[in-house]
Amino acid sequence: MDALLELKRVSREFAVRRGFFDPRPASVKAVNEVSFQLSAGETLGLVGESGCGKSTLARMAVGLLSPSSGEVLLSGRPIGAWSPLERASRIQMIFQDPFSSLDPRQSVGSSIAEPLRLAAQAAGRPLSRAEWREKVQEILVHVGLQPEHIDRYPHEFSGGQRQRVAVARAIVARPGAVVCDEPVSALDASVQAQVLNLLKDMQQNMGLGYLFISHDLGVIGFMSDRVAVMYLGRLVEMASCDELFSHAAHPYTEALMAAAPSRDPSRRGRGAILSGEMPSPLSPPAGCAFHPRCPHARPQCREEEPPLVAVNQGHAVRCHFPL
């Protein structure tokens, strides 16, 4: 059975200027040869510091950006082989800020109905106004809003309600996969819990596959079946959620966990806290990209880039000397 979503050695480069007084062309490799699969009913968590390439990867996964190299497969076919109408009915995205991702001049009912109308159009059976309004009112109830909210505008809702609207818009056409790009980071803690539980309920009822992106390890641990860790555009570790949190093999993963708040006293202070900043993508370090910040770096790390290798069943790490 084909994966819902598959990335094969996907990279993305952006042309940039070095500086105001330096006109020489340069490029930044925001994502560097990333590969993974996402199956139905599964949540793959993607975690890393700001600037590591998570959002660029998300936009390539849904077809908003084209990879510079590599291939994105949707239901076993290259994503470019699907028409925009077909693609909209198979994969959707939930953005970080629900206020900026919703058109302030469009009612929430019209926003939610847009992917529904596109999916119906792709199937050759356009919906009447009465039909799409009925379906939109049903999905509003599913996400905890009221049918009469269909004619309201985004500014009439709270942040949590707007994100529920964004969830409704993403799932109304029943896509197989949904990319969630930091969907709760702009919300209060209590509202975060409500939206996360809503996403879990929708997944259980509809068999959705989530690519769930966050910098919050607590959220990743709650939502994910498998977790991938990114650093400077590359995947540095991937494992099941339980395996990663109990036996992290990459020093960067261990440092992320050490920096995260924990209610478990046995985990407090475990691992070295990171020092320094992530290197500039304009001039990445030679060898392992993490070696300037790694407390376990050795001469080999400064000279040779490590491959992504298996250290256990379903557990891969990009490190010469796994922990």
Side-chain angles (χ1 to χ4, degrees), residues 1-11 31-49 52-54 57 61 70 73 177 203 209-260 262-274 287-291 293-323:
M1 182 177 177
D2 291 327
L4 289 175
L5 177 67
E6 182 176 5
L7 274 64
K8 292 185 174 182
R9 299 177 67 87
V10 167
S11 299
V31 175
N32 193 353
E33 295 194 349
V34 170
S35 300
F36 62 76
Q37 291 185 344
L38 177 69
S39 302
E42 176 192 30
T43 300
L44 173 62
L46 188 61
V47 66
E49 289 175 276
C52 72
K54 303 187 301 294
L57 189 65
L73 301 179
Q203 183 178 48
Y210 290 145
L211 174 59
F212 196 97
I213 297 169
S214 180
H215 62 271
D216 188 326
L217 283 173
V219 170
I220 288 289
F222 176 73
M223 290 295 298
S224 305
D225 301 301
R226 289 186 298 138
V227 181
V229 182
M230 282 189 76
Y231 185 78
L232 207 64
R234 279 195 177 274
L235 287 188
V236 296
E237 188 163 10
M238 181 181 287
S240 69
C241 189
D242 291 341
E243 172 75 9
L244 190 88
F245 277 80
S246 59
H247 300 99
H250 198 283
Y252 177 61
T253 308
E254 190 70 21
L256 287 180
M257 292 183 179
S262 176
R263 291 177 296 180
D264 183 356
S266 66
R267 293 200 60 86
R268 292 176 188 162
R270 180 177 166 184
I273 300 295
L274 284 182
C288 174
F290 185 61
H291 86 257
R293 306 172 71 188
C294 181
H296 310 289
R298 305 181 194 179
Q300 182 182 357
C301 305
R302 300 178 179 90
E303 299 167 1
E304 300 176 20
E305 183 176 357
L308 189 68
V309 297
V311 293
N312 208 337
Q313 181 69 29
H315 189 170
V317 63
R318 190 183 300 277
C319 183
H320 290 302
F321 308 101
L323 297 177

Looking only at heavy atoms, what is the nearest atom pair of [X] and [Y], with distance?
| X | Y | value |
| --- | --- | --- |
| V31 | V10 | CG1-O, 3.5 Å |
| M230 | V34 | CE-CG2, 4.3 Å |
| R9 | S35 | N-OG, 2.7 Å |
| L256 | V229 | CD1-CG1, 4.1 Å |
| P251 | F290 | CB-CE2, 3.7 Å |
| A239 | E243 | CB-CG, 3.9 Å |

Side-chain heavy-atom pair F36, L46 within 4.5 angstrom cut-off: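 No, side chains not in contact.
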- request: Among residues two or more places apart or on two chains, list those pairs meeting side-chain hydrogen bond (donor to acceptor under 3.5 Å, both in side chains) that have a residue in residues 299-311.
  value: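 For residues 299-311, and leaving out neighbouring residues, the side-chain hydrogen bond (donor to acceptor under 3.5 Å, both in side chains) pairs sorted by first residue read R234-E305, Q300-E304, Q300-H320.
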Side chain to side chain donor-acceptor pair (under 3.5 Å) against [X], all qualifying residues, sequence neighbours excluded:
| X | result |
| --- | --- |
| Y252 | E49 |
| S214 | none |
| T253 | E237 |

Roughly how far, to the nearest 0.5 Å, is the [atom2] atom of [Y] from the [atom1] atom of [X]?
| X | Y | atom1 | atom2 | result |
| --- | --- | --- | --- | --- |
| L235 | H250 | CG | NE2 | 11.0 Å |
| Y210 | S224 | OH | OG | 12.0 Å |
| L57 | L7 | CG | CG | 5.5 Å |
| L4 | S39 | CG | OG | 6.5 Å |
| R298 | C288 | CZ | SG | 12.5 Å |
| L211 | E42 | CG | CD | 10.0 Å |

message: Tell me every residue that passes side-chain contact (heavy atoms from CB on, under 4.5 Å) with H215, counting only those two or more places apart in sequence or in another chain.
response: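 With neighbours one apart ignored, the set is E182, S185.
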task: Name all residues meeting the side-chain contact (heavy atoms from CB on, under 4.5 Å) criterion together with E6; count only those two or more places apart in sequence or in a different chain, and write none if there are none.
output: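 E6 satisfies side-chain contact (heavy atoms from CB on, under 4.5 Å) with K8, Q37, L73 once adjacent residues are dropped.
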Whether N312 side chain and H315 backbone form a donor-acceptor pair below 3.5 Å: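 Not a single qualifying donor-acceptor pair exists.
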